[in-house]
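Here's the structure we're looking at; comments come further down.
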Amino acid sequence: QTFIPEIRTSSADLTMFLKKPPNISFAFFLTHLSLCHGLQSPKRHSPYSTVDTERYSSLVKSAMSRVSSQTPLTILEEDDHIYGPVLKSPPPTTLTRGEVRTPKVLHPFLHPQEITEEEAETGGPPARIHLNRGQGRSAIPSVTRILQQTMSTEQMFYLERWKRRMVQELGEEGFKEYSQNLFKQGKTFHSVLEETLTSGVKWTDRDPFEMSQYPPEVCGYMKSVSHVLDDVREVHAIESTVQHNTLNYLGIVDCVARYRGVLCVIDWKTSEKPKPFLSNTYDNPIQVAAYAGALNTDANYKYQVENGLIVVAYKDGSPAHAHQLNFELMLDYWKTWLLRLEDYFEKRYKKCYKNVFINML
DNA sequence: GGATCCTTCTTCTTCTTC
């Protein structure tokens, strides 16, 4: 119907159309129908003598004339008609949204030049502020929860579809086990990484017997990130709670350290599939920007982070992909995060969200 | 001790041919 707008077929028509003998191509079918229409010398005793040729005559004529008259120019015109004018690459902030919105809050990231060395603490063990929910914090939403509850319908659709397929393949129980195993692997990897960063003992320098105590996947993940760890210095915080001082959200950062000389919020990820591009990491960059934005306003931390880093580790030990988010990218993702935050409060507090949001600023 | 919370993951078309 897109290519041949003057034809309107119902699904019943299409079903009938597809009941042609399987060894005969669609093009041949059309040609043959055209013969039946007397465009060329008619053929008797055809297997299609029962086909309602009158009914399909316009389709045949249209299809035949289009195919033969197609030139590069008409194809370009068709493309224009079907796909619309060519769009120049849109700015990253609008990628996940149909409409362009501007968040109301100023960004919490200082420009690299404005950060002086004195602001970053050096030495001492890394901070590890545990989450303590018992002190009136229960109303404060977390980064993960906000991201989960403000996913686009498209994102939810693909996740649901994936889940449905997996359940079909593995069964309800099998899928549950598979998911739990993925979580377990991720958790173990995080804890081993934590030990490594705290102790300062390189994974490769560890006692082979000790290494063999871990599941093979975890060894693979550690091998995978070893080249990234070589570029990590000055670990400032590990698994530490950060809370934004006005925007009323909290989260736990995996790691704050200097990566290639720049102070970063680092998020370690394990993945079954390769994620060579930042776009493969879905909402991870937003998560990192949210943590960094919170940390930079949190009085518990006396320094400012500049960049973010997402490290995707693989269990087969192949080199991890390290996606560094520079100042500009952090700013873009921070804006996206603010929109998600607005969405969350809007959903949660319905009409009075605006007052809630304004009160927080 | 039990309940709750934050995380840990999962997505982007799909098939054929070389």
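Throughout, protein chains are lettered first and strands after them, A, B, ... in sequence-line order, and every chain is numbered starting at 1.
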Starting from the 5' end of DNA chain B, give me the residue, Y178(A) or V143(A), whose nearest nucleotide shows up first.
V143(A)

Just checking N280(A): base, sugar-phosphate only, or nothing, at a heavy-atom cut-off of under 4.0 Å?
base

Phosphate-side-chain proximity, S179(A) and dT10(B), N/O vs OP1/OP2 below 4.0 Å:
no

For Y314(A) and K275(A), indicate whether the former's side chain and the latter's backbone hold a donor-acceptor pair under 3.5 Å.
yes

Nearest to the side chain of K269(A), which nucleotide is it out of dT8(B), dT7(B), dT11(B)?
dT8(B)

Look at all strands and tell whether L159(A) reaches a base, only sugar-phosphate, or nothing, counting heavy atoms closer than 4.0 Å.
base

Please report, rounded to the nearest Å, how far the P atom of dT7(B) is from the CG atom of D267(A).
10 Å

Is the distance from OP1 or OP2 of dT8(B) to the nearest side-chain N or O of Q287(A) less than 4.0 Å?
yes

Using modelled atom types only, decide if a donor and an acceptor are shared between the side chain of D267(A) and the backbone of V288(A) within a distance under 3.5 Å.
no

If I take atom CD in residue Q180(A) and atom C1' in nucleotide dT10(B), what distance separates them, rounded to the nearest angstrom?
14 Å

Could you state the CD-P distance from E239(A) to dT8(B), rounded to the nearest angstrom?
8 Å

Whole angstrom value for the distance that separates P of dT8(B) from NZ of K176(A):
21 Å

Would V192(A) and I238(A) show up in the same hydrophobic cluster when neighbours are defined by side-chain heavy atoms closer than 4.5 Å?
yes

Residues from residues 163-174 of chain A lying under 4.0 Å of DNA chain B - heavy atoms
R165(A)

Checking the side chain of T196(A) only, and the main-chain atoms of W203(A) only, is there a donor and an acceptor separated by less than 3.5 Å?
no

Taking CD from Q185(A) and C1' from dT7(B), how many angstroms apart are they, rounded to a whole number?
16 Å

What nucleotide among dT14(B), dC5(B), dT8(B) has an atom nearest to a side-chain atom of R145(A)?
dC5(B)

For D254(A) and dT8(B), what is the distance between atoms CG and C1' respectively, to the nearest whole Å?
9 Å

Taking every heavy atom of D283(A) against every heavy atom of Q155(A), the minimum-distance pair comes out as OD2-NE2, 3.1 Å

side-chain N/O Y291(A) vs dT7(B) OP1/OP2, d < 4.0 Å:
yes

On DNA chain B, more 5' by nearest nucleotide between Q155(A) and T144(A) is T144(A)

Any residue meeting side-chain hydrogen bond (donor to acceptor under 3.5 Å, both in side chains) with K223(A), in chain and number order, not counting sequence neighbours:
none

Is the aromatic ring centre of Y158(A) closer than 5.5 Å to the centre of the six-membered base ring of dT11(B), with the two planes inclined by less than 30°?
no

Quick check: H321(A) with F277(A) (ring centres under 6.0 Å apart)?
no

Counting only side-chain heavy atoms from C-beta out, which of dT7(B), dC9(B), dT10(B) sits nearest to Q148(A)?
dC9(B)

For DNA chain B, which residues in residues 186-198 of chain A have a heavy atom at a distance below 4.0 Å?
G186(A), K187(A), H190(A)

May I have the distance from I252(A) (atom CD1) to dC5(B) (atom P), rounded to whole angstrom?
13 Å

V305(A) backbone acceptor or donor facing N296(A) side chain under 3.5 Å:
yes

Is there a side-chain contact between T270(A) and the phosphate of dC9(B), meaning an N or O under 4.0 Å from OP1 or OP2?
yes

Closest contact, heavy atoms only, I146(A) versus T150(A):
O-OG1, 2.6 Å

Using whole Å, what does the distance between atom C1' of nucleotide dT7(B) and atom CD1 of I146(A) come to?
15 Å

Any donor-acceptor N/O pair, S142(A) side chain to L250(A) backbone, under 3.5 Å:
no

Drop me the distance from H190(A)'s NE2 to D254(A)'s CG, to the nearest 0.5 angstrom.
3.5 Å

Does a side-chain N or O from K184(A) land closer than 4.0 Å to OP1 or OP2 of dT7(B), or not?
no

